[in-house]
Structure formats: structure tokens, C-alpha cells
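Read through the structure below, which is laid out as C-alpha cells, and then see the notes.
Order of listing sets the numbers, starting from 1, for every ligand and every atom in it. For this chain, numbers begin at 1 and follow the sequence in order. Quick caveat, the model's predicted, so the values are computed rather than measured.
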Amino acid sequence: MSSAPNQFTYALTRPPGANYVNALAENPQRIDVALARRQHGEYVDALRAAGVQTEILEPNENFPDACFMQDPAMVLGGVAVLNRMGAPSRVGETDLVAGFLRARFETRALTAPATLEGGDVLNCGARVVVGETARTNSAGIAQLRAWLEPRDICVISTPVGAFLHLLTAVTYVGQGIVVAHEDFAEHPLLREFGKVIVPRAEAYAANTLGIGEYVIMPAGYPKTNEQLRAKGFQVLPVPMSEFHKADGGPSCLSLIW
Ligand code: CIR
């Protein structure tokens, strides 16, 4: 297990478009797009406060979930991985970022029958844990492993159960510490980590974004916030109600490296 902090320096973000009202959601609710855009602005402010150079792309009106930039691609071990989305309505999102990444990184693209979404990839530096979910299958995990293991990144996989993505249940905030939903916290793969345990009543707060000494988390979850502060992190709470409605949290809104 790595005890290094999450040293991210650059993030790509995309504010929600007008069609964000049609985003995928397990329990659809009415979304206030104007409020979502203001919350996205506060999220970008938090990234910048944490020292991350943050690029803001144009909203995309063809893909309602395109603000969730974590899922269609990722940068791991210096390689940009172009994912193959498991959600049919999101498949074209990878093409929206492929050109940007190809111009800057050596890239690898997942191919059929693989599916893999960034929300299933827990990046702990020298170790990556990948969730097997409705969005990410064993072929996707095998392709990722073949690219990362020669770069000395160990890829481990695990079923995730009832959560949408692995990162809905647990996020890594650096320094050997995970923020884990209490129903996932005893998972054997998390045995070696320090833990912030998120009580069921604060379940949404298990998705965070750790950047160096900072953690961006949803506002309104005091028990999780307090535990993070007690571990020495500078907590940046951001109102996220309109992203919660579409099952996305702070990590989901950035393609970060
Ligand atoms: C979806 O269902 O794909 C979006 N509504 C939410 C994606 C959240 N992304 C993430 O956890 N990385």
C-alpha cells in the first residue's frame, strides 16, 4: 500500500448542460440545472483552492451525464486509458476527451467485450483496486491489468455489491487513508488502510476527492468531515445536492492527474 499523498496537479471538468435533467439516476428526482451549475462553480473553486490547475470544458448537450468526467477516461501511471463505458447512454463520452488525451499522453483504449468506468477505479498509487459492477466487467479489468502491471502498478479486483461504482462505497484520500461507507469498511482489501468510516446516515459522503492535504467532500456531512479533520486533512466542503440526485459525487466530476 502506498502512503503517499494524492499529488494531483491538473483536472479536466465540464459543467452540466441543459440536458443534465436527463442524467441517469437510480431514484430520479427533479434536477435544478441552474443550481447544479452554481455548485459546479464552487467545486471548481475548491479544486483551485487545493492547488489544481483546472480546465473547464464546454457543457455537452448530447450526453446528459457528460459532467461526470471521471468515468470515460483516466490517467494512471502516466498512461491515459480510454475507457469503454458500461452505461449504453454514456458510450460516446470517451470520444469527447480522447483527442485531448492523445495529444498529451501515451494512450491505451479498451476494446470489446471490455467495459470499465473510472468510478470503479480506486487509485492508491502503486496499487489500483477495480470494482466489478454492472458498469465494469472482468475483460475490462484484465485489459487494464495488462497495461499497468508492467508499470509496477498492481491491479486487484473485487465485486462491489449494491453500490453503483466502487467509489460510491470508498475513496482514497492519500497517506494510506480511505473514506469508506460503514457497510464496505470491513472489506478485506481495505485491511491495511487507515479509515474514515462513513455512517449509513452520511452514505453519500463516502465519495470524496483527496488532493495533497485537502479533501473535497459534499457539504452537510458533519461526522465524516470531523473525522477527516481529525486525521489532519484540510476539508473543502462543497454543496452537491444536484449531483447527488444523479448519483455522482466530488470524485466523479474530475478527470484528474
Ligand atoms: C451515471 O449513472 O453514470 C451517472 N449518473 C453518475 C456517475 C457517477 N460517476 C462516478 O461515480 N464516477
| message | Under 4.0 Å from a heavy atom of Ala246: which atoms of ligand 1 are those, numbered in the order shown and with their elements? | response | 4 (C), 5 (N), 6 (C)
| task | Treat each ILVMFWY residue as a node, draw an edge where side-chain heavy atoms are under 4.5 Å apart, and state whether Val238 and Val179 are in one component. | result | yes
| message | Is there a polar contact between ligand 1 and Gly118, counting only N or O atoms under 3.5 Å apart? | response | no
| query | Is Phe63 reachable from Val97 through a run of hydrophobic residues whose side-chain heavy atoms are each under 4.5 Å from the next? | reply | no
| Which of the atoms of ligand 1 are close to Gly119, meaning less than 4.0 Å from one of its heavy atoms? | 12 (N)
| task | Indicate if Met217 and Val173 have the same hydrophobic cluster label, given that clusters are the connected sets of ILVMFWY residues with side-chain heavy-atom separations under 4.5 angstrom. | result | yes
| For ligand 1, which atoms, with element, lie under 4.0 Å from some heavy atom of Asp247? | 6 (C), 8 (C)
| Is it the case that one hydrophobic cluster holds both Leu82 and Leu144, taking links as side-chain heavy atoms less than 4.5 Å apart, direct or via other members? | no
| request: Assign the ring pair His244 / Tyr204 to parallel, tilted or perpendicular, where the plane angle (0 to 90°) is split at 30° and 60°. | output: parallel
| field | Atoms of ligand 1, numbered as shown, that sit under 4.0 Å from any heavy atom of Cys252 | value | 8 (C), 9 (N), 10 (C), 11 (O), 12 (N)
| said: Students often mix this up, so state it plainly: with edges at 30° and 60°, are the rings of Tyr10 and Phe100 parallel, tilted or perpendicular? | reply: tilted
| said: Could you walk me through whether Arg90 and Asp71 satisfy the salt bridge (Lys or Arg N to Asp or Glu O under 4.0 Å) test, starting with their C-alpha distance in whole Å, then the side-chain angles of each, then the deciding distance to 0.1 Å, before giving a yes or no? | reply: CA-CA 9 Å; Arg90 301 194 61 189; Asp71 295 316; 2.8 Å; yes
| Do other residues, nucleotides or ligands put more than 12 heavy atoms under 6.0 Å from Glu226 CD? | no
| ligand 1 and Glu117, any nitrogen or oxygen pair closer than 3.5 angstrom? | no
| Proximity of Arg135 to ligand 1 by residue part, where a heavy atom lies under 4.0 Å | side chain
| Do any nitrogen or oxygen atoms of Arg90 lie less than 3.5 angstrom from nitrogen or oxygen atoms of ligand 1? | yes
| field | Shortest protein heavy-atom distance from atom 4 (C) of ligand 1, along with the residue and atom involved | value | Asp65 OD1, 3.2 Å
| said: Show the atoms of ligand 1 that are less than 4.0 angstrom away from any heavy atom in Phe68. | reply: 4 (C), 5 (N), 6 (C), 7 (C)
| remark: For Asp71, the ligand 1 atoms with a heavy-atom partner under 4.0 Å come out as 7 (C), 8 (C), 9 (N), 10 (C), 12 (N)
